[in-house]
Amino acid sequence: MSENKIPYKIYLSEDEMPKAWYNMRADMKNKPAPLVNPGTGQPMTAAELEGVFCSELVKQELDNDTAYYEIPEEIRSFYKMYRPSPLVRAYCLEEKLGTPAHIYYKFEGNNTSGSHKLNSAIAQAYYAKQQGLKGVTTETGAGQWGTALSMACAYLGLDCKVYMVKCSYEQKPFRREVMRTYGASVTPSPSMDTEVGRKILAEHPGTTGSLGCAISEAVEVAVTHPGYRYVLGSVLNQVLLHQSVIGLESKIAMDKYGIKPDIIIGCAGGGSNLGGLIAPFMGQKLRGEEDYRIIAVEPASCPSFTRGKFAYDFCDTGMICPLAKMYTLGSSFIPSPDHAGGLRFHGMSTILSQLYHDGYMEATSVKQTDVFQAAEAFARVEGILPAPESSHAILVAMQEALKCKETGEEKNILFGLTGTGYFDLVAYENYHNGVMPNNIPTDEDIAASLAKLPKV
Ligand SMILES: *Cc1c(COP(=O)(O)O)cnc(C)c1O
């Protein structure tokens, strides 16, 4: 009966939108381990980090105690252009699966960048502007982050230099052109522009690049160009803070209808959307107020949580960035170039790594052909063409809903639908043509890259 009252889409009014981001670290008993300077072996100080990142973002990065950060008015106005994002009750998917479960998804693909990344891009660009900087540098893999950042920089009048993983640069020319439309310069990485790029090219001629290489290049350009700082679209604590807007909106919407999710599922690359989606729920869990089952879904071809090691490692291939304690496959790990599902980073957010290590969440890994099968099934009933990354969460949400069908349980399942897949159609094409491989690293592959972990 009450079910009929829940609309297909639960929206919030502008007044109901969150006015502050929530910092999960404030409620964690075991705080995430600090970033460490690889030269000294000591925790990175604010002064050291300020050479690379904007000052306000350094403060957010290091702040393990402040629970709420007010969202500046200008960022809230920008959010209002494309937020609140809808929380959708997947009635059609439920019917198709014949499940008694109630499935909800928070859809972050309703903006031109096609993903949740704009939530942090606008915040990071805003603080760069506040500091009087000329511009920012960054890396991008599949291109969603570079697109989001170029949109944010165009809005605020900042220069934006993007280093794009070479295989994506070649496979996704349209993504590149969207970034250029917003005024960004886009360079395939590794490039001859930087010392680290030239070194990587000399050691690995013909490499298709990796996120780790592109990060090294973008950091080098930031620290060698006055008036520039580096910004990162995932992994960092500050990014999870900004992405908490996803979970806060979801919780406000669900609370309006008295819905409590039993299971919360998100895909995990560097952990930003998952960290954002779960934030207020994890806060309750950490404070002992409520319990939720939380599942991170990662690709079998880049399984940081499920097959990596919880250790200090470099965030980049060039080994110039600080060390982070995280679940990692080793900074020299490069997923197979045939892997099309995104989520290619070798490590994971230190916050989520600590929470996983302490048993607050689960993780599972899935094969990419299964991911595309789920993507297609979802597209056919719910209408949205999902990003391959998001489809990792779709797959596991469907699996959990089918378990409910067996047991007859009416569980509430919430998952993050992080974006759309319009720029991933070559991957869809390979899937449809039956030529999508499942290249999963062997234990030897992983052991080889883990053997190179730095000694801390
Ligand atoms: C970047 C991206 C992801 C993965 O990044 P996280 O930081 O793990 O959230 C997932 N989905 C989409 C659509 C993305 O663009």
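Quick caveat: nothing in here was measured; it's all calculated off a predicted structure. Both ligands and their constituent atoms are indexed starting at 1 by order of listing.
Contact shell of ligand 1 (protein heavy atoms, cutoff 4.0 Å): Ser115, His116, Lys117, Gln144, Ser234, Cys267, Ala268, Gly269, Gly270, Gly271, Ser272, Asn273, Leu343, Ala387, Glu389, Thr418, Gly419.
Ring geometry, Phe305 versus Tyr356: the interplanar angle falls from 30° to 60°, so the pair is classed tilted. Ring pair His432/Tyr428 is tilted by interplanar angle, where 30° to 60° counts as tilted.
For NZ of Lys19, the number of neighbouring non-hydrogen atoms (other residues, nucleotides, ligands) closer than 6.0 Å is greater than 12.
In summary, the side chains of Lys106 and Ser85 do present a donor paired with an acceptor at a separation below 3.5 Å, with no hydrogens or angles considered. Gln243 and Ser120 form no side-chain donor-acceptor contact under 3.5 Å, judged by distance and modelled atom types alone.
The line from NZ of Lys325 to OG1 of Thr350 is 10.5 Å long, rounded to the nearest 0.5 Å.
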